[in-house]
Amino acid sequence: MKKVWIIVFGLSCLGLNAQKKWSLRECVDYAVEHNLQVIQNQYSKQVQDSNLKMAKKEYLPSVSAGMSNSVGFGQLPLGTGSIRNDRFNNSANLGADVLLYNNGRLEKNIRKIQFDVEASQYDIETIKNDISLQIAQQYLTVLLNKEIVKISQSAVDNAQKQYDRAKITTQVGTTAQTILAEAEAALAREKQNLKTAEINVGRALFAIVQLLQLPEYKGFDVEDVTVSDTLPSQLKSVDDVLTTAYETQPQIKAAESRIRSAEAQTEVTKTGFWPTLTANAGISSFYNNMLSKNYDQLGNPVNDPTFFQQYKDNFGQNIGLSLNVPIFNKGITRLQVEQSVINQSIAKNTLEQQKQAVRQNVQKAQFDADANYETFLAAVETEKSTKLALEFADKSYAAGRSTIYDVNVARNNYANAQGSVAQAKYNYLFSLKLLNFYSGIPLTL
């Protein structure tokens, strides 16, 4: 019984999850948190963070310790003869070295990596922005298709009324059988259009699921947002939008950081022309044990000092400075500097490419907004005239002065005009949202 209740509860939770309708904000937040490309770039930034930590630790001295043991057996030459030399050797040392001077290579390298970290963070923000815009566009596509479904449903209802009326008039003999056939065909066409519109809603929802990278697409839906027929106006001019975009867009900030990184890398490379001064210090000791017995002049055996006694007696210290002066390395350092300068030019060119891409996107959004607004105004006028034409066609058909074919044509024209109004409205809205986004205004509906 307990298992049954668990299953029932689980199915209930699945039902609640299926009924959940996602807002645009929820879609965007979920996508930027779970998108695999975002996660991949976050790992890349973690690698850069680790590189920065390692670069900062280069200021610390390097400390190492070592111990060695060896055993030797056999004869050693002594004059014209030889002597037995069986011995055990043990030695230990502890040393440290620290960089004193390298013309600022360490701090320059740290500064270079800091710029790399900045660029990695901006790369993450760029991907998040791209995903957000894709979701916003697809979200508006869903709303558009849902509105077209409503238009198609209204057309089906009108066609159904037309069919019901034609059926009655045909049965009583006031209209020919062809009228009923045409009404039935018109109803079938409108039902087909409705089904196509519903499929388009599902296709748009499926596209959002793909962007969110959800494991299951069935049951997914978004909130029904009412979009006013009164279109909002643009908040800023194109020049103002571009000024803000150049200052805030992460792809441009990333390109700027990479220019500074390339410049810092050139400074790092130039330090190869300068000498390097390193200080070192260490302590050491050793133990030596003759495995074969030695005797003094009186024939008494000589015992080696103990391990700890020898380590105490043989304890030594050293300290020193090491200077490495580059004289000739086949001109490699100079070539490396030239490569770094070329990389600076590449980074600057990348910045110009990013600015050009942003400028083109903003200009395209502005052009689309203007065009879609004009299309919307024209579509509204067409909608009004086709609606009036449909009303006249209905009245004329009811009075017997026109055919049902004329009514169907008028109804199709009106439905197409309604769809054009919706299409232009949502296209204009996305273009406006895109302009506002480049102006630093968050995506909202």
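Just so you know, these numbers use all the heavy atoms, side chains as well, and skip hydrogens, waters and symmetry mates.
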Side chain to side chain donor-acceptor pair (under 3.5 Å) between Glu118 and Gln114, worked out: CA-CA 6 Å; Glu118 285 182 6; Gln114 285 175 334; over 6 Å; no

If you look at every heavy atom in [X] and [Y], which pair is closest and at what distance?
X      : Y      : answer
Gln48  : Val117 : O-CG2, 3.6 Å
Asn109 : Val268 : N-CG2, 3.5 Å
Ala65  : Leu94  : CB-CD1, 3.7 Å
Ala365 : Ser431 : O-CB, 3.5 Å
Ala204 : Thr141 : CB-CG2, 4.1 Å
Glu223 : Leu143 : O-CD2, 3.7 Å

Donor-acceptor pair between [X] and [Y] side chains, under 3.5 angstrom:
X      : Y      : result
Asn288 : Arg87  : yes
Gln138 : Gln134 : no
Tyr426 : Glu147 : yes
Asp313 : Gln309 : yes
Asp157 : Gln153 : yes
Tyr30  : Glu26  : no

Under 3.5 Å, side-chain donor or acceptor atoms of residues 374-384 against the rest of the protein: list the pairs with distances, not counting sequence neighbours.
unit_1: Thr375; atom_1: OG1; unit_2: Ala371; atom_2: O; d: 2.8
unit_1: Thr382; atom_1: OG1; unit_2: Ala378; atom_2: O; d: 3.0

May I have all residue pairs that pass salt bridge (charged side-chain N to carboxylate O under 4.0 Å, His left out) and include part of [range], sequence neighbours excluded?
range            : value
residues 357-368 : Lys364-Asp368
residues 89-112  : Lys112-Asp116
residues 48-72   : Lys45-Asp49

Quick one: does [X]'s side chain have a donor or acceptor within less than 3.5 Å of a partner on [Y]'s backbone?
X      : Y      : result
Ser154 : Lys150 : no
Asn35  : Ala31  : no
Thr126 : Gln251 : yes
Asn145 : Asn200 : yes

For Val71, all residues meeting side-chain contact (heavy atoms from CB on, under 4.5 Å), sequence neighbours excluded: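 Scan of Val71 (side-chain contact (heavy atoms from CB on, under 4.5 Å), adjacent residues dropped) gives Phe73, Phe88, Leu291.
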
Counterpart residues, side-chain contact (heavy atoms from CB on, under 4.5 Å), relative to Val222 (two or more places apart):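 Counting only residues at least two positions away or on another chain, Val222 forms a side-chain contact (heavy atoms from CB on, under 4.5 Å) with Tyr139, Val142, Lys146, Leu205, Ile208, Phe220.
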
Derivation and outcome, salt bridge (charged side-chain N to carboxylate O under 4.0 Å, His left out), residues Asp123 and Arg258: CA-CA 11 Å; Asp123 287 341; Arg258 288 192 169 94; 2.4 Å; yes

Audit row: Ser44, Ser120, side chain to side chain donor-acceptor pair (under 3.5 Å) steps and yes/no: CA-CA 7 Å; Ser44 298; Ser120 297; over 6 Å; no

Pairing residues for [X] by the ring pair (Phe, Tyr, Trp, His ring centres under 6.0 Å) criterion, not counting sequence neighbours:
X      : answer
Phe286 : none
Phe367 : none
Tyr428 : Tyr373

Audit row: Leu99, Thr276, side chain to side chain contact (heavy atoms under 4.5 Å, CB included) steps and yes/no: CA-CA 8 Å; Leu99 183 65; Thr276 301; 3.2 Å; yes

Candidate pair Glu190 and Ser152, rule side chain to side chain donor-acceptor pair (under 3.5 Å), full reasoning: CA-CA 7 Å; Glu190 296 301 343; Ser152 299; over 6 Å; no

Just so I know, are the side chains of [X] and [Y] near enough to count as touching, which here means a heavy-atom distance under 4.5 Å?
X      : Y      : value
Ile131 : Leu211 : no
Gln310 : Thr306 : no
Leu429 : Leu140 : yes
Trp22  : Leu214 : yes
Phe437 : Leu133 : yes
Asn69  : Asn89  : no
Leu100 : Thr278 : no
Gln344 : Ile259 : no

Side chain to side chain contact (heavy atoms under 4.5 Å, CB included) evaluation trace for Ile135 with Leu212: CA-CA 8 Å; Ile135 289 177; Leu212 296 178; 3.8 Å; yes

For Tyr438, the option from Asn129, Thr248, Asn361, Thr244 that meets side chain to side chain donor-acceptor pair (under 3.5 Å): Asn361

Derivation and outcome, salt bridge (charged side-chain N to carboxylate O under 4.0 Å, His left out), residues Glu247 and Lys253: CA-CA 8 Å; Glu247 295 174 352; Lys253 304 294 288 185; over 6 Å; no

Please table the atom pairs, donor to acceptor, closer than 3.5 Å between any side-chain atom in residues 350-357 and protein atoms at least two apart or in another chain.
unit_1: Thr350; atom_1: OG1; unit_2: Ile346; atom_2: O; d: 2.9

side-chain hydrogen bond (donor to acceptor under 3.5 Å, both in side chains) against Tyr122, all qualifying residues, sequence neighbours excluded: none

Trp274 six-ring face occupied by Lys270 cation (under 6.0 Å, within 45°):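 Output no; distance or angle outside limits.
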
Ionic contact status for Glu198 with Lys195, cut-off 4.0 Å: yes

Enclosure of Gln192 CD (heavy-atom neighbours >12, cutoff 6.0 Å): no

What donor-acceptor contacts under 3.5 angstrom involve side-chain atoms of residues 323-338, with partners at least two apart or in another chain?
unit_1: Asn329; atom_1: ND2; unit_2: Thr333; atom_2: OG1; d: 2.7

Tyr311/Phe307 aromatic ring centres below 6.0 Å: yes

Step-by-step side chain to side chain contact (heavy atoms under 4.5 Å, CB included) determination, Val32 to Ser132: CA-CA 8 Å; Val32 299; Ser132 300; 4.0 Å; yes

